[in-house]
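Structure first, commentary second.
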Amino acid sequence: MSDFELLDPSGLPVGGGTGANGTADDPLVDGLNPAQARAVTTRGPALLIVAGAGSGKTRVLTHRIAHLIREREAWPSQILAITFTNKAAAEMRERIEGLLGDASQGMWVSTFHSACVRILRREAERFGYVSGFTIYDSADSRALLKRIIKELDADTYGFTPANSGSKISKLKNELVDAATHAATMNENDPRERLFVEIFRMYEQELKRANAFDFDDLIGQTVHLFRSHPDVAAIYQRRFRHILVDEYQDTNHAQYSLIRELTRPIEPEEVERLVPPARERELDASGRIPAASLTVVGDSDQSIYAFRGADIRNIVEFERDFSGAEVVKLEQNYRSTQNILSAANAVIGNNFDRQEKRLWTSEGDGERIVGFTGYSQHDEARFVAEEIEDLHRAGVAYSDIAVFYRTNSQTRALEELLIRSAIPYRVLGGTKFYERAEVKDAMAYLTSIANPYDPIAWSRLLGAPKRGVGAMAEAHLANFQEANGLSFHEAMLRAEEVTAIGPKIRATVRGLGEMLVRASRMAAGGGATDVAGEDAVPAPVGDVMKLVLDETDMIEKLRAKRDPQDDARAENLEELLAVAREFDVKQPGAGLLAFLTEVSLVAAADDLDDSSGTVSLMTMHTAKGLEFAAVFITGVEEGLLPHQMSVDEIGGINEERRLMYVGITRARERLYLTLASTRATFGDVSVAMPSRFLQEIPEGLIDWRQSPGEVTGRGGTASRALNAPRSPGSNGSWSRTRTDSTVSFSGGGGGSGSAAVSEPASGNMQSALDKWRERKRLAKEAQASGGGFPNLVDGSVRDNGDLELATGDRIRHDEYGDGRVTGISGSGTKRIAHVVFDTVGERKLLVKLAPIEKVVE
DNA sequence: GCGAAGTATTCGCGG
DNA sequence: AATACTTCGC
């Protein structure tokens, strides 16, 4: 242990013992280690707190804020603290209130998105939006993109709502809008021009709908600040201390937002301030100085590059914000040394990082447990059994978590947990608010708040089924647009749309009247139009009740036979309960606040510490959380690291950080599990152990069943736990099967090899390499055997107006020669039906298929 | 316009 | 393997 203590930089004589400079009896500083104390008391324009996992950063942040307020350096209202989830925000607020009592009223503690919505709702009118704007989630964005792509016929070029959506999201995270992107694109590429058109229409439609997507929330706030310095000045003046948690996962837009908020206010803007600036707000040159910025982060835990997080934000912080000070927290108060050693070993393989080692003074603890099942089912069984054992040993279910890389891994786990009667809950995944029936009901509320939203309107028209279909919808939408009406107004005047049958016209008008009535109620006009009634907005629960009653949604579901519909009906009742609960928690907050809250819930927000259940979640969701016992499942090549990451620049390193995040969530017990076969796309394939397992010193892992011990379908070769394994040096060993040799260094139980040598021995390496080689060959064989035709190569083919007729001979890159037996479709979607000489009949998109005509 | 039946696609992580 | 989308008959 003493070895590790030498690594503690904060132990060096900087502050000299606990409690720096005259703060000896300060409850906000007492009990902190010297580095933490410095992080709390340091003042200046900018501070970077490099906080390793479990180093007490939340404590430091809350104490720093409390310290600022208590020392009268700031009013609570001058503090803006940004956290990663709403739950973390609520927790932080609570802890600060615990330290200060009521003195903390008025702070902004929220996520980036929540803070921006708050600002945008306040300032929307200044730039062409209305305060009641809708926030589109990714499903809404995709619905909108789907319409646009259809209209532009862009699907034949391979554009889908999903791929164009993620491309737009990436650009927005870089603060690039359609016009800017158009200026930088390659004009000669028709695909790029088409994309710009999609992007442009998407922006236009969002604006027409009075809606923002998730990325807009940040980007438009930055845009607002840049185009309206007077608005920016309001917030620059107000927030004197800005603190950002998880800074390593901020993207460019978020970074820019922070930059805007920490700009000094120039004298000409100072003059326009209302109320006028006081003398003591100004510096010598007549400016209001920049707010003080504190960021907390750990570049080793940056795991959101895929949504634009830029690790440079934290790496270059000191260069970026002049006068920045840095405090490093490396002492870990969470995990045992064995867990930390594993974490250090894994992350140490990332060459592009600053050296940093977590340490603890708490002792080694238990060894990490490893297990390899022969299938994911077998793996899940082990997890369930171990959870039972842990629970019997006194570990609370709520202190146990199971992590995985992809959401699809939950199925096998859930199955076994149900069978074992272990209470669990899945965080994220198919969320409550993403369920179809819940989205249906929410569409009514969204439309009530924003009658210009076409996505919500279109959704509510069809749910429940009432005979209003695509035709009627299109006619109404035309009428709405032509007359510049809201969708509600258009519905009230449905009688004028003669293209629709009279029965449906009446249905639509009735529905419109209901929506208008609900809108008036939600706005405070009262549902009954009684003159003189106070303009008090109705509780959200009442509006929801009105919608559910009038549409009969619940009863219609109950009337169906399908048992799943009963569950759907219950979900709607649950939704009503959620709305009522919201009314109690935030009386008078109104419909908009409810919609905002629902839009911005994150996966980790569902976590309820008192639920008494085991938590299942992805490793991304697990960031910032901790549990006594953690299972990391599916530690296999192709899954962790994920296959998709292998070809990405820095992809493996990011996966390694993800592994590091997962490991460091564990306090006492860590389990690493995998399966030797895994079902994907319906068929079963061989899975190899993750390279990250190799990176953990073998002495740290107690293999209950190592990868080499698992034979194929036949189950296991040996269930004996910790059976000392034969010969082989360093506790590695091998098993011979009839067809091939499979070996893996398994640190076979307690065979005592204490050699914690980092580099794998040549023997183990080659064994793993052989395994990989075998797998690679199998893959290639499958691919060349026709299993994966038409592999995407990135280039876009265009046969132009290749004329094909029945009877023509053609040659296909993959299928060889064949004869056209028919042509269907038209324009860009023309399809050739071809019977190939070797592979039989195929349908091909004439425009894009890799074919050429053969002259006979 | 709606449901059933057949067909294509997906399983990468999230606010 | 399971879901999402399309096509077809009423």
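Values in this document were obtained by computation on a predicted structure and should not be read as measured data.
In DNA chain B, runs of at least 3 stacked Watson-Crick or G-U pairs (N1-N3 plus N6-O4 or O6-N4, or N1-O2 plus O6-N3, all under 3.5 Å) give these stems: B:1-10 with C:1-10.
Using a 4.0 Å heavy-atom cutoff across all strands shown, A:E648 reaches at least one base atom of the nucleic acid. Residue-level contact check: A:H642 touches the backbone only, with heavy atoms under 4.0 Å from sugar-phosphate atoms and none from bases. Residue contacts for A:R405: at a heavy-atom cut-off of 4.0 Å it reaches a base atom on one of the strands shown. Residue A:E655 is in base contact, counting any heavy-atom pair closer than 4.0 Å across all strands shown. Heavy atoms of A:M619 sit nowhere under 4.0 angstrom from any nucleic acid atom. A:T111 comes within 4.0 angstrom of nothing in the nucleic acid, heavy atoms only.
A close approach under 4.0 Å does occur between a side-chain nitrogen or oxygen of A:N407 and OP1 or OP2 of B:dC13. An OP1 or OP2 oxygen of B:dT10 is reached within less than 4.0 angstrom by no side-chain nitrogen or oxygen of A:S408.
For A:E246 and B:dG14, the CD to C1' distance is 14 Å, given to the nearest whole Å. For the pair A:E597 CD and B:dG15 C1', the interatomic distance rounds to 15 Å; values are reported in whole Å.
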Query raised in the report: Does the ring-ring contact (aromatic ring centres under 6.0 Å, His included) test come out yes or no for A:F306 and A:H620, once each step is laid out?
Result: CA-CA 11 Å; A:F306 72 92; A:H620 284 92; 5.5 Å; yes
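Between the side-chain ring of A:Y304 and the base of B:dC13, no stacking contact exists by the 5.5 Å and 30° definition.
For the pair A:F225 and A:L261, the minimum side-chain heavy-atom distance is below 4.5 Å. A:D249 has its side chain within reach of A:K623: a pair of non-hydrogen atoms, C-beta onward, lies under 4.5 Å apart.
Each of A:E637, A:E655, A:E636 was evaluated against A:R691; a single residue qualifies, A:E637, per the salt bridge (Lys or Arg N to Asp or Glu O under 4.0 Å) test.
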